[in-house]
Structure formats: C-alpha cells, structure tokens
Amino acid sequence: MRESKAMQNLPPYLFARIEKKIAYAQSQGIDVINLGIGDPDLPTPKKIIDRMAEAIYDPSNHQYPSSVGLLEYRQAVASWYKQRFDVDLDPQTEIVSLLGSKEGIAHISFAYLDADDYSLVPDPAYPVYSIGALLAGARSYFMPLTEEKDFLPVLEDIPASIAQKAKLMFINYPNNPTGAVCDIDFFNRVVEFAKYFDILVCHDAAYSELAYDNYRPLSFLQAKGAKDIGVEFHSLSKTFNMTGWRIGWLAGNKVAVEVMGRFKSNVDSGVFQAVQYAAIEGLEGPRDSIDQLNAIYQERRDIAVQGLRTMGIKIQPPKGSFYVWAPVPKGYSSTSFAEHMLENAHVIVTPGNGYGEHGEGYFRIALTVDKDRMQTAFNRMAAALKDSNNGEMDQ
Ligand SMILES: Cc1ncc(COP(=O)(O)O)c(C=O)c1O
C-alpha cells in the first residue's frame, strides 16, 4: 500500500512534532511550561456551557445536522456581523457553518485549486493555508511578511505571471504568528489587486476579537467591494475558549459560500446542533466575557514583553492575537533556540521556521498560561540564556 504523492510530501503537523518532545520530557518527570500551541487555558463561558447542557437533552439535536448550519445559527452570525462590523450578510446565501475554521481553510483549496494553480500564502503563516494547496495538488506562492513592512505582504512584489495563475490568496489579521494587525487601506488594496487578477481572497479572522490597547480589529468585508471577491473565515475557538467544540463559519461572497456548502455537503455532515445552539448563546450574549479575556491576555502579554526585554530582546507589544513574535538572540537559529529553551529552561516556544522560511530567526510564544506560570517561564528562560552566555545578558 502506498500513500498518495501529496501525503508523502506532508510532514506531521508542527504541533504533533512538538507534542512528542513535551511527552518525552514529561515522562522524565520534568515540569514543562508550554508556550507553544495557541490553545486557550481558560474555560468556555458558563452561559454557553449551560445552553449546551440544555440542548444535548433534546433528541431533535441528535440527528444529522444541516451541512451548511442551522438557519438560526447563520442568522446569529449575520446579526453579530452587523453589530460588530456594520457589515450586512444574508444568512441564507452568504454564510456557511464550519467544523472549526481549520476545516474550511483546508477544504477551500480543494474547492478552488486544480493542479498547477497557485495559492498566494503569507510566509510566515498558519501552516494550513499551504497544506490545503499541497493536498489539492496545487502550488503555493509564498508572500514574505517582514518586520520592516509591518508583516503585511507587498502586493507589488508578487510577479504578474504568478498572480495570473493564482486562484486563492490567504491573509490573516490579527496575525498568527506575528501578532501584527492591519488597517482598512491594506484591505482595500487587497480587494483591488484580487479584482484585477480574479483571485478569491480568503481572510482568516480567527483572532478578530483578541486585541489590546483599545485596538479594534477590522473585518475584511468592511473593505469596499470585498464581498465581490472575498470571504472571511471566523472561529468561536479563541473568542469564547471553544477550541474543543469545533465550530466556526465562512462568510462573504455568495458564489464561494455556495461552492463551499456544496463541497461540505459531500464530505461532512455539519456541526452537532447542540454546539450550534451553544454558539448562538455566545454570539448573542454580552461582550463582557471577551473584554475580561482581553484584559487577562494583555496582562500576560506585558509580562512576556518585559521578560523578553530582560533577555535583551526588544520588541513592540503586539496589538492583536494572543501571540508574541520575537527575534531569537544572537548566535541562535529558530530551532537551536527552541531546543535550548526546552532542554535548559523546560519551556516550549515554537520555532519561527515552523511557519515558513521567513519565520527563521524568530520564535513565537502563546499567552495561554496564567501570569505566574508566564513569569516563571521567563525567569527560567532568562537564566538559561545567561548560563549559555557565561553571565552576559545583553546580546
Ligand atoms: C490563524 C488561525 N486560523 C485558524 C485557526 C483554526 O481555528 P479553529 O479551527 O479552531 O477554528 C487557528 C488555530 O490556531 C489559527 O491560528
């Protein structure tokens, strides 16, 4: 038996590799602090859990759900969009439910890419954008995200010969892994570019509600004409600490929404209805749980930024997402720094090169441990760095 060529080219998912290392260290009795994967440590708000508990006893929720989502769920998404972004969406034609946004992000490449088509993918980026293209037998063209360009892709640098063969373009703000944010001017320029080359823009808004210092992330669909050429992926995972529940949605261009709905009706059978009712509770509820979450992450972020500065790494505090993206100290590569921290500080950080070539020289930390543990992690990292520098801290 031989796996497909695409599978032969597919390495284990980044965090599956890291989890193995953690499991080994833990089996040696080591207390590992995991600043690796971005999986919220805080619980789902009680009101959502209570709604789930109620819905789970209703036998009508035990059957196959609709593969595009309950109309009530899509209506709740449309109202949330209107309130949050002042964007109008038709729940019947412009929204489809997803089994978490990762599922939709991976599948849209199958719905849009033929062999030899290109997908425009940021580098560094959430790995699933390029994995989708790889599995669909298509190609990725990597758009570098660099610090000097505020981690925004430079559209003018994309060769016209590639853009002509591109069918999809992924963008993501607030950004994983860099924590960067963008303004409406950037989204407007993306719309113009995509219209010119007839490319479907896929904006990944998984972190749209996690923001600090009074910054309010935008929706791509707020850009003029965005719905003509683009869709937006959303997730309840990070907004309501619901990574295990598997629910999100795709919204925007009605042709793309229909294509994805048709695709999904053939490969999955929708989101457990009880989960959809619980999600409605979250979307229709007050924002206080989100505000509290952001206050907690902001405090942790400040500890992380201070901790990095103590290690001689100077960065600007990120305004969105729950990640801090930092350059490795002099003398290290992404991998050697992550290994050094695991072995000597027993702290997991994610090596930046796991997100693409342009992530080399960086590492990412997730703000998903409590502030005391975060402080301990940075104390340990600073000590491990000092030891390896013979007491010299400033790199
Ligand atoms: C940028 C980005 N998009 C999408 C996802 C997937 O989220 P989910 O599938 O839980 O909705 C993640 C998860 O970490 C992410 O970082």
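One-based numbering, in listed order, for ligands and for the atoms of each. Each residue takes its place number in the sequence, starting with 1. Quick caveat: nothing in here was measured; it's all calculated off a predicted structure.
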Taking the inter-plane angle between the rings of [X] and [Y] on a 0 to 90° scale, is it parallel (under 30°), tilted (30 to 60°) or perpendicular (over 60°)?
| X | Y | value |
| --- | --- | --- |
| Tyr297 | Phe322 | perpendicular |
| His107 | Phe110 | perpendicular |
| Phe186 | Tyr173 | perpendicular |

[X] to ligand 1: N or O pair under 3.5 Å?
| X | result |
| --- | --- |
| Asp204 | yes |
| Ser101 | yes |
| Glu103 | no |
| Tyr129 | no |

How far is [atom] from its nearest protein heavy atom, and which residue and atom is that?
| atom | answer |
| --- | --- |
| atom 9 (O) of ligand 1 | Arg246 NH2, 2.7 Å |
| atom 10 (O) of ligand 1 | Ser237 OG, 2.6 Å |
| atom 6 (C) of ligand 1 | Tyr126 OH, 3.3 Å |
| atom 13 (C) of ligand 1 | Lys238 NZ, 2.9 Å |

> Would you say the side chains of Tyr207 and Lys238 form a donor-acceptor pair under 3.5 Å?
Replying inline: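 Per modelled atom types, Tyr207 and Lys238 side chains form a pair under 3.5 Å.
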>> Is a donor from one side chain sitting under 3.5 angstrom from an acceptor on the other, for Gln375 and Asn379?
In response: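 Indeed, the side chains of Gln375 and Asn379 share at least one donor-acceptor pair under 3.5 Å.
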> Which bit of Ile105 gets closer than 4.0 Å to ligand 1, counting heavy atoms only: side chain, backbone, both or neither?
Replying inline: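 For Ile105, only side-chain atoms sit under 4.0 Å from ligand 1.
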> For ligand 1, which part of Asn172 has a heavy atom less than 4.0 Å away: the side chain, the backbone, both, or neither?
Replying inline: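 Near ligand 1, Asn172 shows its side chain, while the N, CA, C and O stay back.
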> Gly100 heavy atoms, cut-off 4.0 Å: which ligand 1 atoms fall inside?
Replying inline: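 Every atom of ligand 1 under 4.0 Å from some heavy atom of Gly100: 9 (O), 11 (O).
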> Which of the atoms of ligand 1 are close to Ala206, meaning less than 4.0 Å from one of its heavy atoms?
Replying inline: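 Checking each atom against Ala206, I get 2 (C), 3 (N), 4 (C).
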> Aromatic ring centroids of Phe272 and His62 under 6.0 Å?
Replying inline: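 No; His62 has its ring centre 6.0 Å or more from that of Phe272.
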>> Closer than 3.5 angstrom, by distance alone: can the side chain of Asn344 be matched with the main-chain N or O of Ala384 as a donor-acceptor pair?
In response: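 Pair absent, no side-chain N/O of Asn344 close to backbone of Ala384.
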> When Arg300 is tested against each of Asp370, Val369, Val324 for side chain to side chain contact (heavy atoms under 4.5 Å, CB included), which residue passes?
Replying inline: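 The passing option is Asp370.
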>> Could you walk me through whether Ile290 and Thr239 satisfy the side-chain contact (heavy atoms from CB on, under 4.5 Å) test, starting with their C-alpha distance in whole Å, then the side-chain angles of each, then the deciding distance to 0.1 Å, before giving a yes or no?
In response: CA-CA 7 Å; Ile290 303 174; Thr239 307; 3.6 Å; yes
> Does ligand 1 have any atom sitting under 4.0 Å from a heavy atom of Phe233?
Replying inline: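 No, Phe233 has no heavy atom closer than 4.0 Å to ligand 1.
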